[in-house]
**Q** 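Here you go, one structure.
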Amino acid sequence: MNLLIVMASNPYSHDFNTVVKLISAALNRNHKVKIFFMANGEYCLLREEIKNLHEKGLEVYYCAHNAEQRKIKPESWAESSSMYGLAKLMTEADKVLIFD
Amino acid sequence: MNLLIVMASNPYSHDFNTVVKLISAALNRNHKVKIFFMANGEYCLLREEIKNLHEKGLEVYYCAHNAEQRKIKPESWAESSSMYGLAKLMTEADKVLIFD
Amino acid sequence: MVNTVWLIKRPADFPEFEMLEEEDYIILIQDAVLRPLPENKKWVACKEDVEARNIKVPEDRCLSYEEIIDIIEKASKVVVW
Amino acid sequence: MVNTVWLIKRPADFPEFEMLEEEDYIILIQDAVLRPLPENKKWVACKEDVEARNIKVPEDRCLSYEEIIDIIEKASKVVVW
Amino acid sequence: MAKKKVVVLIKSNPFSWKVFEALRLAVGASMEHKMQVIFIKDGVYSLTDWKPQLIGIEPIDKSIEALGMMEAEIIAEEEAIRERGVKLKNWPTEVKVLSKDDISELIKEAEVVLTW
Amino acid sequence: MAKKKVVVLIKSNPFSWKVFEALRLAVGASMEHKMQVIFIKDGVYSLTDWKPQLIGIEPIDKSIEALGMMEAEIIAEEEAIRERGVKLKNWPTEVKVLSKDDISELIKEAEVVLTW
């Protein structure tokens with residue numbers, strides 16, 4: 001399955017734990033997983049757990065507008081995107097889950 | 001009055017608005033105002049509003065441990081502190097308000 | 001001198017009445033302004049938070065942030081709920 | 001094939017029953033595990049969230065994250081509430 | 001790679017950045033998908049004549065207008081409006097008022113539901 | 001510049017980073033002040049034998065122990081424990097169980113109250 005997670009919650013929340021564990025399990029099951037960070041979710045880009053998941057196959061996107069607003073400078077493993085980019089990701093996804 | 005605000009909420013919350021407006025009003029009334037950022041409040045250090053209030057007299061402190069944990073590098077107008085530092089600030093304060 | 005000042009933030013999370021003393025002062029802020037209290041209680045609301053939400057609260061119950069600061073100054077302590 | 005899967009996060013915020021169809025699947029996660037549902041309903045709970053909170057939930061209602069992913073895969077859609 | 005039926009469901013935090021971000025997402029998604037933005041429970045307060053700027057939040061008017069241009073539908077829950085006694089603002093895009101039952105049907109028919 | 005009577009009041013979010021941070025604050029404050037950490041309502045769940053590590057949160061045991069060493073008091077609401085049917089863990093520091101009324105008195109007497 002092609003799983004897309006939209007993450008708008010901050011990185012010290014229950015949602016962060018849920019998202020990390022779900023992605024990890026989905027990668028274990030050999031699903032294709034993408035995450036899109038927006039709003040307060042942008043701060044998650046600063047956590048090691050996300051980078052580690054990226055190294056295991058997670059594709060990472062973020063809303064460039066929200067990142068700039070929050071003065072977050074993501075590393076190169078995360079791909080700058082937009083709400084239109086998210087719409088495109090939704091087109092390809094079999095399931096879309098949002099956490100906010 | 002010597003007013004101390006402990007801020008543990010994220011910068012896109014109702015608390016952020018309340019804190020900014022209360023501080024502004026307290027400075028208008030010529031009170032001495034200090035703010036201490038901790039937990040998700042650390043992200044507020046990246047917002048212009050706080051810098052602007054600092055320029056109007058707000059003294060800014062933050063928990064260095066939480067800032068490091070969140071990979072936040074505050075500018076020099078914010079003073080690195082600790083939970084023990086917060087205890088000291090509480091000693092001097094007439095009123096302590098927490099937002100989390 | 002006022003007693004304890006309670007800053008209430010949420011409409012559904014309120015300190016239990018045994019905690020409140022007769023002389024205490026209740027200030028509704030943020031979404032708590034959606035739930036104005038009974039007439040006979042000693043409460044006020046943050047004017048800007050009321051106006052932002054376009055809620056009807058009697059004018060004489062609405063305080064500016066400066067007026068809230070004045071009450072905080074006179075309080076024995078402030079509890080943000 | 002399962003119908004809609006509902007991921008419920010909070011004990012006090014639940015989709016209204018008219019939204020749920022007979023064949024829907026309810027998965028309690030996070031603090032929602034504090035409020036197990038009636039026996040006759042079709043629900044399960046996230047095992048790790050149950051254990052983290054030291055709550056009693058029947059063993060056969062508890063799923064690992066991998067098992068939750070398997071249900072999500074089979075769902076027509078997932079609503080995170 | 002088909003166009004999907006997407007519902008953005010706003011059920012809480014009516015006076016917040018969350019509603020602003022939810023609508024921004026809805027506008028983006030409406031460029032590619034059939035979009036319905038549905039306000040239920042406390043979410044309906046977002047459609048009243050509130051003043052986001054007073055509490056440091058960006059106004060949602062442009063997003064509401066853009067949704068109309070993208071032919072997205074905006075829907076509010078009848079019961080939620082009545083129970084709260086709220087009056088909806090005259091938005092640049094039509095807001096349809098539907099019953100809980102009708103809204104439940106829309107959610108059942110949707111392929112993607114994004115709750116806020 | 002006196003030592004103050006400080007209450008840290010934990011009333012919600014029992015299984016979260018918030019309770020961890022609240023206790024860290026309490027430990028720091030107890031170095032300079034008379035500290036009472038009071039758990040009411042859902043806050044009492046924090047004192048059960050939960051497993052923070054399982055949900056990515058740091059354990060609170062060290063903070064609870066440090067509070068004991070700093071002679072801070074730890075107090076839990078009797079009614080909240082009973083209503084929820086919870087069993088408190090055997091913590092390294094004594095937890096006093098007091099009624100709502102007694103806790104209200106402590107809050108009245110406090111000079112600083114920090115709610116979480």
Side-chain angles (χ1 to χ4, degrees), chain A residues 1-41 44 47 49-50 52-54 56-61 63 86-100, chain D residues 1-15 19-21 23-37 42-55 57 59 61-81:
Chain A
M1 134 180 93
N2 203 327
L3 178 65
L4 172 62
I5 292 178
V6 182
M7 178 62 170
S9 280
N10 83 66
Y12 292 86
S13 59
H14 288 318
D15 281 344
F16 184 80
N17 177 62
T18 300
V19 160
V20 166
K21 303 284 173 69
L22 279 178
I23 292 172
S24 194
L27 293 173
N28 284 346
R29 288 288 204 242
N30 289 314
H31 295 296
K32 192 162 177 177
V33 193
K34 299 178 185 185
I35 192 164
F36 185 96
F37 292 108
M38 63 178 290
N40 287 335
C44 301
R47 284 196 67 164
E49 289 88 337
I50 302 302
N52 294 343
L53 287 171
H54 167 70
K56 286 177 188 150
L58 173 69
E59 289 181 43
V60 179
Y61 301 83
C63 169
L86 174 58
K88 289 282 194 189
L89 294 175
M90 281 167 54
T91 304
E92 301 155 14
D94 296 311
K95 303 286 149 47
V96 186
L97 274 66
I98 190 164
F99 290 87
D100 65 77
Chain D
M1 189 75 183
V2 294
N3 219 36
T4 299
V5 166
W6 301 80
L7 287 183
I8 314 285
K9 302 199 289 188
R10 299 175 197 87
D13 180 15
F14 206 86
M19 276 199 195
L20 302 175
E21 288 187 285
E23 322 82 71
D24 286 0
Y25 220 99
I26 295 169
I27 306 182
L28 306 178
I29 63 171
Q30 299 178 11
D31 286 345
V33 301
L34 291 173
R35 192 180 111 170
L37 294 177
K42 202 160 156 187
W43 64 273
V44 291
C46 170
K47 189 185 169 111
E48 255 187 53
D49 281 337
V50 167
E51 287 175 356
R53 288 160 184 80
N54 201 15
I55 300 294
V57 171
E59 186 70 29
R61 297 273 194 177
C62 291
L63 299 192
S64 69
Y65 281 104
E66 274 82 4
E67 290 168 318
I68 293 173
I69 287 293
D70 294 343
I71 292 175
I72 288 174
E73 187 182 7
K74 284 180 256 158
S76 63
K77 67 170 176 282
V78 181
V79 182
V80 184
W81 198 260

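Numbers restart at 1 for each chain; the letters A, B, ... are given by sequence-line order, proteins then strands.
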**Q** Could you pull out the closest heavy-atom pair between D/Cys62 and D/Val57, with the gap in Å?
**A** SG-CG1, 3.7 Å

**Q** Give, as side chain, backbone, both or neither, the part of D/Ile72 having an atom under 4.5 angstrom from any heavy atom of chain A.
**A** both

**Q** Under 4.5 Å, heavy atom to heavy atom: which of residues 26-33 of chain D reach chain A? Give them by number, or say none.
**A** D/Ile29, D/Gln30, D/Asp31

**Q** Who wins among D/Leu7, D/Val79, D/Ile69 for the most heavy-atom pairs under 4.5 Å with chain A?
**A** D/Ile69

**Q** Within 45° of the ring axis of A/Tyr12 and under 6.0 Å from its six-membered ring centre, is that where the NZ or CZ of A/Arg47 lies?
**A** yes

**Q** Quick one: does any side-chain atom of D/Arg61 pair with a main-chain N or O of D/Trp43 as donor and acceptor, under 3.5 Å?
**A** yes

**Q** I'd like to know if D/Lys9 and A/Asp15 make a salt bridge, using a cut-off of under 4.0 Å between side-chain N and carboxylate O.
**A** yes

**Q** Measure A/Lys21 against the heavy atoms of chain D and call it side chain, backbone, both or neither at under 4.5 Å.
**A** both

**Q** Select, from D/Glu66, D/Glu67, D/Glu48, the one with the greatest count of heavy-atom pairs under 4.5 Å involving chain A.
**A** D/Glu66

**Q** Would you say the side chain of A/Lys34 lies within less than 4.5 Å of the side chain of A/Asn2, judging by non-hydrogen atoms?
**A** yes

**Q** Between the side chains of D/Asn3 and D/Asp24, does any donor sit under 3.5 Å from an acceptor?
**A** yes

**Q** For A/Phe16, which residues count as a ring-ring contact (aromatic ring centres under 6.0 Å, His included) partner, sequence neighbours excluded?
**A** none

**Q** In plain terms, say whether D/Lys74 and D/Asp70 are close enough for a salt bridge, that is, a side-chain N and a carboxylate O under 4.0 Å apart.
**A** no

